[in-house]
Amino acid sequence: MLGCTGSIGEQTLDVVRRHGEQLQIVALACGRRVDEMIRAAREFDVRFLACGLDEMPAPSESAEGLELGLGMDAVVDLVRLGEVDLVVNALVGAAGLRASFETLKAGKVLALANKESLVVGGDLIMPMAARVDERRRAAGLAPAAGPAGALMPIDSEHGAIYQCLLGEQHSEVECLWVTASGGPFRGRTRDQLRDVTAAQALAHPTWNMGPKITIDSSTLMNKGLEIIEAHHLFAMPYDRIKVVVQPQSTIHSMVEFADGSVKAHLGTTDMRIPIQFALSYPARWGAPVRPLDFTELGAIEFYPADTDTFRCLALARAAGQEGGTLPCAMNAANEVAVAAFLAGKCSYLGIAETVERVMGAHENAAVESLEQLAAVDEAARQAARNLLGAE
Ligand code: MG
């Protein structure tokens, strides 16, 4: 469980708590919240731990009897442990790519909450996942019908599409409908967004998530990243991935088929449902939360997304369509701009401006390696910092 103290991590631990007969945690990794990780290690009887930072905050909890590594190398070492057969990657940002890469390289199942792994490295990750799928089929580890399950998405939209596609033919899919809540600023104009503060942007109407993804949800960058994620996961061209705003977040996404039929995935807005499905596939276990009561639900509304106001959605789609290393540069610029916004050093509209300018200066190339992507990521971060420093 990588990223065990974040929002996805905590909810994954809760799923494990409910299904201790099927799931056993072998290793945990975190960022700066080492004490929380140590407490989780005690609760779940886990021996192998890693803190992804280069310098660890001194823990006040005793780590006696635990093996506690330091740095991203130590995090990546955990996925190679012999007892591990599945890795939940809920690391934040582009830093998660290497862990995804090593998980699949080691032939293990990747339950992926780190969408940047696909946004930045989809061209590397998907062929690796296909090879693990082949191995799982050959070893009799895959279900008799449907996907072999080497790469399980832990994103509500992609988990939903994954389920809508079960039992279907790829050639009969007309398009994917990715739903968006629209975030806290739905319906506002650019003028009304000029003075938005971090506290306002952090108040998401439907989903309870970490700060980075909550800001991304408010700018619709999150939906842009999810379009790219869907393109890679489901081998779907960009012109057949549509976005629709569905403010109640009741419909988690939909698939439209050649005959005009549409399948939708509905459920309580709680990430434990997609997390649990990623861990239980192809089985379904008892519900982790109270299921929807449709008699209490009321209306489900739909609106088009406003890409003139929420520029990040259009920018991410353009980056995906262009492909190559451009999504990597786009994502890195966004991470720097969002961190600057949260620190009060970048305006709300400045996030999209920074992303657009870094994209404009990027020299695109085909994706070749992790090392190349790391260099593109660093150069784009530097370019974004320079722009923000100059403002
Ligand atoms: Mg999502």
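Both ligands and their constituent atoms are indexed starting at 1 by order of listing.
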Novice: Do the ring centers of Phe185 and Phe310 come within less than 6.0 Å of each other?
Specialist: no
Novice: Is it true that Thr325 and Asn364 share a donor-acceptor pair across their side chains at a distance under 3.5 Å?
Specialist: yes
Novice: Please find the N/O/S atom of Glu226 nearest to the Mg ion (ligand 1) and write down its name.
Specialist: OE2
Novice: For Asp155, what is the atom name of its N, O or S atom nearest to the Mg ion (ligand 1)?
Specialist: OD1
Novice: Tell me whether the rings of Phe234 and His158 are parallel (<30°), tilted (30 to 60°) or perpendicular (>60°).
Specialist: parallel
Novice: Strictly below 4.0 Å, N to O, side chains only: are Asp73 and Arg98 in salt-bridge contact?
Specialist: yes
Novice: What's the atom name of the N, O or S in Glu157 nearest to the Mg ion (ligand 1)?
Specialist: OE1
